[in-house]
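Small disclaimer: the values here were computed from a predicted structure and weren't measured. Keep in mind that the numbers below use all heavy atoms, side chains included, and drop hydrogens, waters and symmetry copies.
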Amino acid sequence: MAYYFSKIVTSTFDDAVDRAIVALKVERFGIITQIDIQNTLQDKLGVTFRKYRILGACNPKLALEALEL
């Protein structure tokens, strides 16, 4: 069973990340963390890895509602 969504895009990696951030902002989500896996693996382990970014997004209003429950 798969627990993810995937989409093939034709833009550059950086453009796709920028577009994702803009799309999240439209939905009132802000980016509170960004983890650059490629750089982290290079710095910590000396391993070359493909471009890979984890965006931590948060909608403060929805987060507050969830925490108050």
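- Going from atom OG1 of Thr10 over to atom CG of Asp15 covers 9.0 Å, rounded to the nearest 0.5 Å.
- Val9 and Leu24 are members of different hydrophobic clusters when ILVMFWY side chains are connected at heavy-atom separations under 4.5 Å.
- Remark: Glu65 CD is packed, more than 12 non-hydrogen atoms of other residues, nucleotides or ligands lying under 6.0 Å away.
- The shortest side-chain heavy-atom distance between Phe29 and Leu62 falls under the 4.5 Å cut-off.
- Phe49 and Ile54 fall within a single hydrophobic cluster, where Ile, Leu, Val, Met, Phe, Trp and Tyr side chains are chained together by heavy-atom contacts under 4.5 Å.
- The shortest heavy-atom contact between Arg28 and Pro60 is O-CD, 4.1 Å.
- More than 12 heavy atoms of other shown residues, nucleotides or ligands fall within 6.0 angstrom of atom CG in Leu69.
- Pairs of residues two or more places apart, or lying in two chains, that qualify as side chain to side chain donor-acceptor pair (under 3.5 Å) and include a residue from residues 49-64 are Gln34-Arg53.
- Taking CG of Leu55 as the reference point, atom CD1 of Ile21 lies at 5.0 Å (rounded to 0.5 Å).
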### Task
Give the C-alpha distance, both sets of side-chain angles, the deciding distance and a yes or no for side-chain contact (heavy atoms from CB on, under 4.5 Å) between Gln42 and Thr48.
CA-CA 6 Å; Gln42 182 63 49; Thr48 301; 3.5 Å; yes
